[in-house]
Number of protein chains: 2
Amino acid sequence: MNSNQYLQAAELHCEQRGCKLTALRKQVLELVLRHEGVVKAYQVLADLQKERGAAAPPTVYRALDFLVEQGLLHRVDALNGFIVCDHFECQHESMILVCETCGKVQEVDVMAALNGLRDVAQAADFTLSHQNLMLTGLCKVCRV
Amino acid sequence: MNSNQYLQAAELHCEQRGCKLTALRKQVLELVLRHEGVVKAYQVLADLQKERGAAAPPTVYRALDFLVEQGLLHRVDALNGFIVCDHFECQHESMILVCETCGKVQEVDVMAALNGLRDVAQAADFTLSHQNLMLTGLCKVCRV
DNA sequence: GACAGCATGTTACTGTATAACATCACATTG
DNA sequence: CAATGTGATGTTATACAGTAACATGCTGTC
C-alpha cells in the first residue's frame, strides 16, 4: 500500500467512524508517513512549519491525538513518539518492537499471545484493557 | 519489610554489585519510598529541596537513573514516573499494572507468561530483551 | 441570517529531561 | 605526602514535551 492509497483508506476509515480527516489532519498524517518508524511531535511540528509557515504545538498535538484516536497512529509512550499503523481496519492489539541498537520499530499482532498476561493480571484482580505494548530487543540486522 | 530494612537491603545489594548507595542516593530512594505508587522526578526534586535546600534536576535524575540501574526502582515510561521494586534480589521480568481510573499501580511477575510474546517476536526475527511491561486496565476496586 | 458545534489559531505556560562544564571527595600510587 | 585519576555531585542553561485557556474561523441547519 503506497502513501496515497493509505491516505485514501484513512479518509474513508474516518468517515465510516463519523468524523473527518480534514486538510490539516491529512497533512499531519502525510508528514508522519514520510518518516520511517517513530516520529516525534516536535519533528512533525517543524515539518509543518516548513510547509505552511506558522504552526504551534497545540495544532500538531490535536491532529496527532485525533489520528491516534482513529487508530491510524499508535503512540509509543516510552519514546515520546508516534508510528503509523497500517492495519487500522481490524480490531487488534499489537506489540511494538523497538530495536535497542538501531531504533527501528515494527508492529506485530499479539491478540492471542496476550492471553497469558491477561490471566496473570486476572489472578492479581486486575482487568487489562486493550493494549499496545512496547517491547525492546534486537532486530534481525543488529542481532549479529 | 519496612522502610529501614529495605534501605539496608538495598545498600547491601549495591555493594554486592560493586557500587555504592551514597548518602544522596539513599536519600532519594527514601523519598521515593515515602510515596505510595508512582512518583515523579520533579516531586522527588521538590521533596529533596525541602530537606536540603538547593537541588537541581540533574541531581535527582542521576540518582534515579542509578537506582533504576540497580533494579531498586522501575521506570514507568508511560507515566513519566518511578516505582519501588520490592524484589530487586531476584532476576525477574514484571508487568506493571496501572489502573486507568484511580492510577494505583501494582507489579506482578510475568517471567513465564512472557514466553508467548517472545515466540511472536522471534517469529518476526526479533529478540526480546528483559522487559518491564506496563499495561493499563481496571483494578479490583475500580472494576465495580 | 442567526446560531450551534466543531476545527483551528494564538499565547503563554507547566512539566520533563539532558548537555556541558565546574567542583568535590576519596582512593591509589609514585 | 603530594600528585593524580576516578566517580559523585553541584550549577547553569537549555532543549524537548505537552497543555490550558481563550480567540477566531468554518460549515451546516433551521
Side-chain angles (χ1 to χ4, degrees), chain A residues 10-11 14-15 17-32 35 37-70 72-83 98 103 134, chain B residues 10-11 14-32 35 38-70 72-83 98 103 134:
Chain A
E11 195 154 12
C14 289
E15 258 161 43
R17 297 176 45 121
C19 50
K20 278 164 64 170
L21 189 65
T22 63
L24 174 65
R25 290 164 175 171
K26 199 172 191 170
Q27 189 178 7
V28 167
L29 181 54
E30 227 174 323
L31 291 172
V32 175
H35 294 266
V38 181
V39 196
K40 312 277 224 145
Y42 273 65
Q43 179 61 56
V44 175
L45 177 58
D47 294 350
L48 194 63
Q49 285 169 340
K50 265 181 221 145
E51 296 202 349
R52 61 157 60 192
T59 299
V60 166
Y61 278 103
R62 283 196 283 238
L64 290 173
D65 288 347
F66 171 85
L67 296 169
V68 168
E69 220 159 89
Q70 302 309 312
L72 298 168
L73 301 182
H74 292 305
R75 194 162 190 241
V76 187
D77 285 311
L79 304 175
N80 295 325
F82 300 84
I83 61 171
V98 183
M134 200 218 67
Chain B
E11 194 154 12
C14 289
E15 258 160 46
Q16 282 165 356
R17 296 175 46 119
C19 51
K20 277 164 63 170
L21 189 65
T22 62
L24 174 66
R25 290 163 176 172
K26 198 172 193 170
Q27 188 178 6
V28 166
L29 181 53
E30 226 175 325
L31 290 172
V32 176
H35 293 266
V38 180
V39 196
K40 312 278 224 142
Y42 273 66
Q43 178 61 57
V44 174
L45 177 58
D47 293 350
L48 194 62
Q49 286 168 338
K50 266 182 222 144
E51 295 201 350
R52 62 156 59 192
T59 300
V60 166
Y61 278 103
R62 283 196 284 239
L64 291 173
D65 288 348
F66 171 86
L67 295 169
V68 168
E69 219 160 273
Q70 302 309 311
L72 299 168
L73 301 182
H74 292 306
R75 202 175 171 223
V76 187
D77 285 311
L79 304 175
N80 296 322
F82 300 84
I83 62 171
V98 183
M134 200 218 67

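Here is the naming used below: chain letters follow the sequence lines, and residue numbers restart at 1 for every chain.
Closest contact between the side chain of Thr22(B) and the listed nucleotides dG18(D), dT9(D), dT12(D) involves dT9(D). Taking the side chain of Arg25(A) as heavy atoms from C-beta on, and the options dG9(C), dA7(C), dT16(C), the nearest nucleotide is dA7(C). Nearest to the side chain of Thr59(A), among dA7(C), dT10(C), dT9(D), sits dT10(C).
Atom CD of Gln70(A) is separated from atom C1' of dA7(C) by 14 Å (rounded to the nearest Å). In this entry the distance linking CG of Leu79(B) with P of dG15(C) reads 16 Å, nearest Å. Gln27(B) has its CD atom 15 Å from the C1' atom of dA8(D), to the nearest Å. Separating the NZ atom of Lys40(B) from the C1' atom of dG15(C) is a distance of 8 Å, rounded to the nearest angstrom. What separates CG of Leu24(A) from P of dC6(C) is a distance of 18 Å, to the nearest Å.
The shortest non-hydrogen separation linking Leu72(B) to Cys14(B) is CD1-SG, 4.0 Å. For Val28(A) against Ala63(A), the heavy-atom pair with the smallest separation is CG2-CB, 3.7 Å. Residues Val60(A) and Ala41(A) approach most closely at CG1-O, 3.7 Å, considering heavy atoms.
Comparing Ala55(B) and Asn80(B), the nucleotide of DNA chain D nearest to each residue sits closer to the 5' end for Ala55(B).
Side-chain contact between Leu24(B) and Leu48(B): present, with at least one pair of heavy atoms (C-beta onward) separated by less than 4.5 Å. No side-chain heavy atom of Asp77(B) sits under 4.5 Å from any side-chain heavy atom of Met134(B). The closest side-chain heavy-atom distance from Leu21(A) to Phe66(A) is below 4.5 Å.
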request  = Any chance you could list the contact pattern along nucleotides 23-30 of chain D? Use B for base contacts, S for sugar-phosphate-only contacts and - for none, protein heavy atoms under 4.0 Å, 5' to 3'.
outcome  = --------

ask   = How does each nucleotide of nucleotides 18-23 of chain C score, in 5' to 3' order, for protein heavy atoms under 4.0 Å: base (B), sugar-phosphate only (S), or none (-)?
value = BBB---

message = Does Gln70(B) form a side chain to side chain donor-acceptor pair (under 3.5 Å) with Arg25(B)? I'd like the steps, not just the answer.
response = CA-CA 11 Å; Gln70(B) 302 309 311; Arg25(B) 290 163 176 172; over 6 Å; no

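Judged purely by atom type and a 3.5 angstrom limit, Lys40(B) uses its side chain to pair as donor or acceptor with the backbone of Leu79(B).
Every side-chain contact (heavy atoms from CB on, under 4.5 Å) that Val39(B) has, sequence neighbours left out, goes to Val32(B), His35(B), Gln43(B), Val44(B).
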